[in-house]
Visitor: 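Quick one: the structure is below, questions incoming.
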Amino acid sequence: MGAERLAPLIAVVGCDGSGKSTLAADLLCHISQSRLAMSGYLGLGSGEQGRAIGRWPLFGPALHRWLDGIADRLRDPTQPIPGMMVARYALRKSRKRRARFDALLLRRRSGVTIVTDRYPQIDVAGLHDGPILAGRATTEGQLAIQAQELALYREMIAYIPTLVIRLNVDVDTAFARKPDHERNLLAAKIAAIPRLTFNGAPIVDLDATMDYRQELALAKAAVDRALAQ
């Protein structure tokens, strides 16, 4: 941001089932051979929390479906935000993400290179670590909260990643790798991937269905070029 000197940040992004966590971990090992580096987490953990709730006995599946219904409404720009309580909850979740982001900035300022398997963006609200409140605000209070949340993300995307590795995968492969996920949601995430620009960051697209050894070699080469600059 501006003239501030920061250690590099490599972001690996993609739909669930694209293998971004595996690739990020292997890239961290590669980068650590030549410089101080660590992983960073910028997610919310909401998906796994919901699936864990769904495994609760008796009322778990019903509660999971109810929570998924709220999440679907928040993701859909044509649907109204379901109440102030939900809007405030979404803002709290995004503030937690901002706190994690600020913690990574401190490490970058101290010279630590960061590798993360996701990164905030504002190109697609409701998906891929974008603003949670993609739904339609119906009150002044909801509008104010939505604006506060968007401001958090605008502040974060001002810090442009050194390199984004964007993993592309088809829905059949993603669903085969993540059978506990909703196929329709995976399809929506896959369709949104080409729209993610990360505020003009350098982006390398990789086919996540290729032989993994080849994918890793291409990713390492891209990272080496970016760090050499």
Side-chain angles (χ1 to χ4, degrees), residues 1 9 11-16 20-21 24 38-56 59-109 114 116-161 180-182 185-186 188-189 192 195-196 198-199:
M1 185 177 182
L9 182 142
V12 181
V13 303
C15 174
D16 306 307
K20 59 183 183 294
S21 297
M38 66 179 297
S39 63
Y41 180 67
L42 294 172
L44 301 174
S46 301
E48 184 51 43
Q49 288 173 4
R51 286 184 287 276
I53 288 172
R55 292 190 288 269
W56 291 356
F59 60 86
L63 180 57
H64 187 202
R65 287 193 297 272
W66 180 75
L67 292 172
D68 275 352
I70 291 177
D72 288 343
R73 290 173 65 185
L74 287 175
R75 280 190 288 264
D76 188 345
T78 68
Q79 292 293 314
I81 295 172
M84 283 294 289
M85 184 180 297
V86 172
R88 292 191 185 101
Y89 176 76
L91 181 59
R92 285 199 301 272
K93 296 283 280 187
S94 288
R95 283 173 172 163
K96 287 182 179 179
R97 172 174 280 148
R98 176 60 194 269
R100 293 191 182 104
F101 189 91
D102 288 344
L104 292 185
L105 276 181
L106 286 176
R107 295 188 178 101
R108 294 181 69 192
R109 287 174 179 136
I114 301 296
T116 179
D117 64 358
R118 56 185 70 228
Y119 202 78
Q121 51 82 25
I122 61 170
D123 299 305
V124 181
L127 297 172
H128 294 299
D129 305 291
I132 300 170
L133 294 171
R136 177 167 47 84
T138 58
T139 68
E140 290 297 324
Q142 290 177 5
L143 277 172
I145 289 175
Q146 198 171 43
Q148 290 177 59
E149 186 194 36
L150 181 58
L152 291 176
Y153 285 81
R154 289 193 182 280
E155 291 165 0
M156 288 188 283
I157 69 161
Y159 295 89
I160 299 174
D180 58 336
H181 288 48
E182 293 183 28
L185 182 54
L186 291 175
K189 289 182 176 181
R195 297 164 57 192
L196 306 180
F198 300 97
N199 201 18

Visitor: Could you check if a side-chain atom of Tyr159 sits within less than 4.5 angstrom of a side-chain atom of Leu9, using non-hydrogen atoms only?
Guide: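 With C-beta onward as the side chain, the pair stays apart.
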Visitor: Which distance, rounded to the nearest 0.5 Å, do you find between the CE of Met84 and the OG1 of Thr138?
Guide: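 Taking CE in Met84 and OG1 in Thr138, the distance rounds to 9.5 Å.
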Visitor: Ring centres of Phe101 and Tyr119 under 6.0 Å apart?
Guide: yes
Visitor: Ignoring hydrogens, what is the shortest heavy-atom contact between Ile81 and Gln142? Give both atom names and the distance.
Guide: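 Taking Ile81 first and Gln142 second, the nearest heavy atoms are O-NE2, 3.5 Å.
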Visitor: List the atom of Asp129, the atom of Gly43, and the distance in Å for their closest heavy-atom pair.
Guide: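 Taking Asp129 first and Gly43 second, the nearest heavy atoms are OD1-CA, 4.1 Å.
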Visitor: Apply side chain to side chain contact (heavy atoms under 4.5 Å, CB included) to Glu155 and Arg98, showing your working.
Guide: CA-CA 9 Å; Glu155 291 165 0; Arg98 176 60 194 269; 2.2 Å; yes
Visitor: Heavy atoms only: give me the nearest Pro131-Ile122 pair and the separation to one decimal.
Guide: CD-CA, 4.2 Å
Visitor: Rounded to the nearest 0.5 Å, what separation is found between the CZ atom of Phe198 and the CD1 atom of Ile157?
Guide: 10.0 Å
Visitor: Return the minimal non-hydrogen interatomic distance between Arg95 and Leu152, and the atom names on each side.
Guide: CG-CD1, 3.7 Å
Visitor: Got a second to check how far Arg136's CZ is from Leu143's CG, nearest 0.5 Å?
Guide: 11.0 Å
Visitor: Look up atom CG in Leu104 and atom CG in Leu42, then write down how far apart they are to the nearest 0.5 Å.
Guide: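 Between Leu104 CG and Leu42 CG, I get 5.0 Å after rounding to 0.5 Å.
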Visitor: Roughly how far apart are Leu91 CG and Lys96 NZ, rounded to 0.5 Å?
Guide: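 Output value for this atom pair is 12.0 Å.
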Visitor: For the residue pair Asp117 and Lys20, what are the closest heavy atoms and their distance?
Guide: O-CD, 3.1 Å
Visitor: Measuring from Ser94:OG to Leu150:CG, what's the distance to the nearest 0.5 Å?
Guide: 10.0 Å
Visitor: At their closest point, which heavy atom of Pro120 faces which heavy atom of Met156, and how far apart are they?
Guide: CG-SD, 3.8 Å
Visitor: Is a donor on one side and an acceptor on the other found under 3.5 Å between the side chain of Gln146 and the backbone of Ala87?
Guide: no
Visitor: When you measure from the side chain of Glu149 to the backbone N and O of Lys93, does any donor-acceptor pair fall under 3.5 Å?
Guide: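 No, the answer is negative, given that no donor and acceptor are paired below the 3.5 Å cut-off.
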